[in-house]
Amino acid sequence: MAGSTLTLGKALNEGLRKALEDDPKVLIMGEDVGRLGGVFRVTDGLQKDFGEDRVIDTPLAESGIVGTAVGLAIRGFRPVCEIQFDGFVFPAFDQIVSQVAKMHYRSAGNVKLPITIRIPFGGGIGAVEHHSESPESYFCHTPGLKVVSCSNPVDAYWMIQQAIASDDPIVFFEPKRRYWDKAEVDPSAGAPRSLWDAEVVRAGSEVTLLTYGPSVKVCLEAAAAAETEGRDIEVVDLRSLSPIDWKTVIASVRKTQHAIVVSEAPVYASLASEIAARISEKCFYELESPVLRVCGFSTPYPTSRIEEDYLPDLDRILDAVDRSLAF
Amino acid sequence: MAGSTLTLGKALNEGLRKALEDDPKVLIMGEDVGRLGGVFRVTDGLQKDFGEDRVIDTPLAESGIVGTAVGLAIRGFRPVCEIQFDGFVFPAFDQIVSQVAKMHYRSAGNVKLPITIRIPFGGGIGAVEHHSESPESYFCHTPGLKVVSCSNPVDAYWMIQQAIASDDPIVFFEPKRRYWDKAEVDPSAGAPRSLWDAEVVRAGSEVTLLTYGPSVKVCLEAAAAAETEGRDIEVVDLRSLSPIDWKTVIASVRKTQHAIVVSEAPVYASLASEIAARISEKCFYELESPVLRVCGFSTPYPTSRIEEDYLPDLDRILDAVDRSLAF
Amino acid sequence: MAVQSVQPSEGPELVQLLTPEGERVEHPDYSIDLTEDEYRELYRDLVLVRRIDTEATALQRQGELGLWASLLGQEAAQVGAGRALTGGDFAFPTYREHGVAYCKGVDPVTLLGLFRGVNQGGWNPHDKGFQLYTIVIGSQTLHATGYAMGLQRDGADGAVMAFFGDGASSQGDVNEAFVWSSVFQAPVVFFCQNNQWAISEPLERQSRIPLYERAKGFGFPGVRVDGNDVLAVLAVSRAALERAREGSGPTLVEAYTYRMGPHTTSDDPTRYRLAAELETWKLKDPIERMKAYLSRTGMADHDYFAEVDTAADELAAHIRAGCLALDDPDPITLFDNVYAGGSTLLDEEREQLAAYLGSFEGAH
Amino acid sequence: MAVQSVQPSEGPELVQLLTPEGERVEHPDYSIDLTEDEYRELYRDLVLVRRIDTEATALQRQGELGLWASLLGQEAAQVGAGRALTGGDFAFPTYREHGVAYCKGVDPVTLLGLFRGVNQGGWNPHDKGFQLYTIVIGSQTLHATGYAMGLQRDGADGAVMAFFGDGASSQGDVNEAFVWSSVFQAPVVFFCQNNQWAISEPLERQSRIPLYERAKGFGFPGVRVDGNDVLAVLAVSRAALERAREGSGPTLVEAYTYRMGPHTTSDDPTRYRLAAELETWKLKDPIERMKAYLSRTGMADHDYFAEVDTAADELAAHIRAGCLALDDPDPITLFDNVYAGGSTLLDEEREQLAAYLGSFEGAH
Ligand SMILES: Cc1ncc(C[n+]2csc(CCOP(=O)(O)OP(=O)(O)O)c2C)c(N)n1
Ligand SMILES: Cc1ncc(C[n+]2csc(CCOP(=O)(O)OP(=O)(O)O)c2C)c(N)n1
Ligand SMILES: [Mg+2]
Ligand SMILES: [Mg+2]
């Protein structure tokens, strides 16, 4: 089968379809995932083709979605749970943190929970409260979970299948404002890399931008803009947020000796803090300037008319690049 | 009134009693806080003296405890919620993160939620699963919350009153394995410092240990042990975890040029990461070695028979001191 | 006025005082007796509330609002409940309670701030007895219960009304609110607008039995009322609030109604529901039946209806003008009101952003 | 055996087949007819289960366990439910279901690992049809519901039993499990042991009405059974499981019983409840009544009872020996099984700890 141009949302849809086809134990469950095909249409057409028993419109209760997924997984299924928006994952937080994350450990490996929890995340779509959050740090801080995020259609297509195939529970963050971004996806090519590998999406020599999800595009744009000023910036798409592919990260920073972490999440006690802390520790002698963080501020996500000032954008990144290099 | 020797638990009890006496709007609510006086007896005798309407034995539902506290606070009360153990705060996580933390922002300051959420936290008491966790990083990462932790009876007595008096919601972490530690508490002396100030609990010149809650004692013991080997260690009790008193922290690190963060919480994407990241950034030229973190591992809290190997102890801290100074 | 003895058009458990055709019917447990002025006022409320909704929908289509959650079809449920509330009562809405907001005296313009994205609710809940909109499904039912427990402790006379939808009935929080209110006999009325849909999911995804029966499992009464009959909703809500104020504890009111529009302006209901269903419900329009009743009884004539329409036009103009005047906030305000007592961390971040924004000044 | 027609000693809604005095009574909806062997076996189960409990309590007092949650008084509820389960069924326990574990063939020694602190449950749930103990109140009811939905999807014949307490009935998760199981007609039986207390809180803190009535609000049947009557519990559980297997959906069984001991060995119930209450319940002891029944009907004599006591002694000895043989895990195993697929982060941490621990070797 030759490649075709897909949006990120459609690539996820195709990836889910493939997973449903390949393994009869794969289930999709969530609010409005069936008839409607999800509020972002990521599950469009799947209930029609795979039936109501495999693509399940659930009651409006997130703890119920994840809690019953645990039971289904114990029974041998591979549930893919959709949380409709980032801000609505918290009613399920207890089940995720105390059950999903701990069951394999608790059972000394006897009980596997191959559950994928899909969460459209991040801002920039002009939405109301609770629809633009970046809660990934909560999950990264939770041992027993693995956390990944795709940034483009090709990764979306492959990573969702890899996540579903994993025997560990995975929180899968989808950059909602990139759902409509397009790229060529070739299903016959095979997965380009492991789910756990970071990718150097742009090679450069002067400074490393470490990022993931929706901010990858912003960082690439910043790097392109900087190029016109003669700056050579490397961009690393982390892809896996827990665990992080430190080898790739450290290699890049050792090379450029300047690092900036870019993420929409509130900066304080976040995944970005971890990245900055670890690089500072591992590259103590190589770093020529402190690791900077261009992240969301320590406020709740603001109203949409000022979200552009909250989100890390091209200018704030370039400003940080200047500060890093001028240090 | 002269001072008396109190355990940390009793100091909290006295602090709560004072708060109940001083302000008729203060309420205590939680599971078993009334007749039983709490599983750790922190609320012992309070229902008897202040009645069932002010010291409320609630249904067994943490979301309900915090959710109704929100309503009570809107009505003008100052609820103090007890979460029985650290691992049981997660059913209330949604109410805490999406309601408690955001209401003041959402309402442009019109609605204040002076809620105190007390959580006995940390390990070392030989307990079963969910009874030994250190979830403070989740709350530190949540804008709109303030997070504090006491480490000794004097702070326990004053900080709980200061927290209740604050117009902001505060998550108040109590080091459960220190409930039985004793010290002289003098209610007539007045609060020794602001709730938001860190305290240098031991002055030293060679390396700074940054810590809070149950680990303060461990760090002091480590410092004492190191002294016998001629090492001069400074210990900072952070007290307020969000926000952190960076002035005190940075001043100490600028002086010693070596910093180690000690915390029981899993290290990855934690408050300790934030501290390490920020010190690395702010003291880039002063630091003589990387900021080290002696924390919980990235596993679920283990069974009690090996918890001593999981928890940062004297030896692991001294080992880090050696590594820091030998770098 | 003559009250005719006609059988209600729905199942016997449905409290109805006005048929879809505008005929008054009797109910053994609930009755209402208003002045002519009051009947007319209810009609006026319904029309104005619908106009708020159509104007906001239009503003959204024109790009002035980012989103709008229409209450089309639910006017009677909201006006009936809203008009049952008295001064000491406090309401906890979802994101769709524009009609209740109107009854509570919230200027419709301030409702738009959230949907325009300039604020998260422009009114002071304490002034209006009307909490800010709550978007996380079900959370507000616990807040309402807590507020009601506060009323008890204050020895105050009021009661609380918690609004939520059929979908919300599945959330843990809502059921915990049922537990708490029952255990503490809190003066709260749970007002569930069963508009048959939770986005694309029909009621069967939430419950196999009528929702008002949920209350039975928690030990307090539940009643199903015709949500498109403003008189019945008013009567049932008043009774439930009175019961709460008397100290007899919570009541669950299920207002049986229909979401005539999309879930929000982002939604496309043709993907999941049949047009025929909509047609059936059109025949039960809450405004038409009140209009028929007023005409039939001679309580209002063409002039009165025209006068109401004029008032609606004026309200629409007020909303439009007010909406366009809602300016974007200053970016630096994004740090305001995170805390009542401030924070050194935010002070630092505010300074950084101010310096950064300042660096662009004069640059262009 | 003659079944005498005696009125049950509790309210009419309480299903009882054996009075506290050991007399058989009839119930219009539930009956049981076992072989003499089976009656004797049930008695034996009750005695052995109690002995597991007393031995574990003793081990805790002697410092061999960190904690123990006693089931004293709840033996009949657990054996009745446990013996109703068949091969294809799966049980989701709390932390107190030692009797169900026993019925499901879990070696009591492996139960102790968690309480000793050497593991978090030493059995393989898949082998036993018995999930690990769940400590966070209520969570397992959703797991049970999901597992039941899995049985449906597999077209399997089994059913699921979810155990929880009176206190748990207040948790959102439990009520969500009621919603889900009803909506999907999942083959699950909710088995609530109402032992009257949630640590120090009496039932009134959770509900104003009998707990079995909760089910009504969710559209499925609820039944209250005498939880100290093993025959009634067995009959009611079998009927509910059968109903589930037939595809008729969930049932809530409230086993009305009493926690005769402290909440756990850490608890001091004298702080919150009266000794008199305990005395009343002693008269309803689940073992005594079964013993009286067996004696009265001549199904068992002194020799049989003595033989059972001997078996109990042997079991106790086995438990004690097994407990003492439960060694502390190797510290480095704290990294094992966090993930099925491993993690580079943990690999690094494991190496660090190994090196650190290694640095002490030979040091002493
Ligand atoms: C906790 C949570 N989950 C999901 C959503 C997304 N969501 C918004 S409205 C809605 C449906 C609500 O249905 P219902 O309670 O019947 O109210 P209605 O919209 O019909 O008024 C959903 C799923 C949300 N706001 N909160
Ligand atoms: C979510 C949660 N909150 C609090 C606790 C602490 N806790 C353990 S047992 C218990 C009481 C449980 O009562 P009930 O459900 O009646 O069961 P029982 O112990 O009586 O068998 C409480 C509050 C917990 N384990 N989980
Ligand atoms: Mg609805
Ligand atoms: Mg109980």
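Labels below follow one simple rule: chain letters A, B, ... track the order of the sequence lines, proteins then strands, and each chain is numbered from 1. In this text, all values refer to a predicted model and were calculated from it rather than measured experimentally.
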Determine the minimum heavy-atom distance between [X] and [Y], stating which atoms define it.
| X | Y | result |
| --- | --- | --- |
| A:Ile306 | C:Pro331 | CG2-CA, 3.8 Å |
| C:Phe335 | A:Thr299 | CD2-CG2, 3.6 Å |
| C:Ala168 | A:Leu60 | N-CD1, 4.1 Å |

Under 4.5 Å from any heavy atom of chain C, what part of [X] do you find: side chain, backbone, both or neither?
| X | value |
| --- | --- |
| A:Phe88 | side chain |
| A:Asp57 | both |
| A:Phe90 | neither |
| A:Glu62 | both |
| A:Ser63 | neither |
| A:Arg323 | neither |
| A:Glu308 | neither |

Need one label for [X]: side chain, backbone, both or neither, based on atoms under 4.5 Å from any heavy atom in chain A.
| X | answer |
| --- | --- |
| C:Ile199 | both |
| C:Arg350 | neither |
| C:Ile137 | side chain |
| C:Tyr356 | side chain |

Are [X] and [Y] packed together at the side-chain level, in the sense that at least one heavy-atom pair is separated by less than 4.5 angstrom?
| X | Y | result |
| --- | --- | --- |
| A:Val128 | C:Arg116 | no |
| A:Asp32 | C:Glu201 | yes |
| C:Ile135 | A:His131 | yes |

I'd like to know which of [options] tops the heavy-atom pair count under 4.5 Å against chain A.
| options | result |
| --- | --- |
| C:Gln206, C:Gln352, C:Glu349 | C:Glu349 |
| C:Asp328, C:Val338, C:Ile332 | C:Asp328 |
| C:Leu353, C:Leu114, C:Leu67, C:Leu357 | C:Leu353 |
| C:Ala198, C:Pro329, C:Gly66 | C:Pro329 |

Pairwise distance CG(C:Leu346) to OH(A:Tyr268) - rounded to 0.5 angstrom |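 Answer for the CG-OH pair, C:Leu346 versus A:Tyr268, is 11.0 Å.
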Between CZ on residue C:Phe115 and OG on residue A:Ser304, distance to nearest 0.5 Å =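 Reported value, rounded in 0.5 Å steps: 11.5 Å.
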For the candidates A:Thr58, A:Val39, A:Ile125, which exhibits the highest count of non-hydrogen atom pairs separated by less than 4.5 Å from chain C?
->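 Answer, by heavy-atom pair count under 4.5 Å with chain C: A:Thr58.
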A:Pro91, A:Ser298, A:Pro302: which one forms the most heavy-atom pairs within less than 4.5 Å of chain C?
->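 That would be A:Ser298.
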Would you find a donor on one side and an acceptor on the other, under 3.5 Å apart, between the side chain of A:Arg305 and the backbone of C:Val118?
->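 A pair under 3.5 Å: no.
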Sub-3.5 Å donor-acceptor pair from the side chain of C:Arg205 to the main-chain atoms of A:Pro59, do we have one?
->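 No, C:Arg205 side chain to A:Pro59 backbone: no donor-acceptor pair under 3.5 Å.
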Ignoring hydrogens and angles, state whether a donor on the side chain of C:Asn119 or A:Thr303 is under 3.5 Å from an acceptor on the partner side chain.
->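 C:Asn119 vs A:Thr303: no donor-acceptor pair found between side chains.
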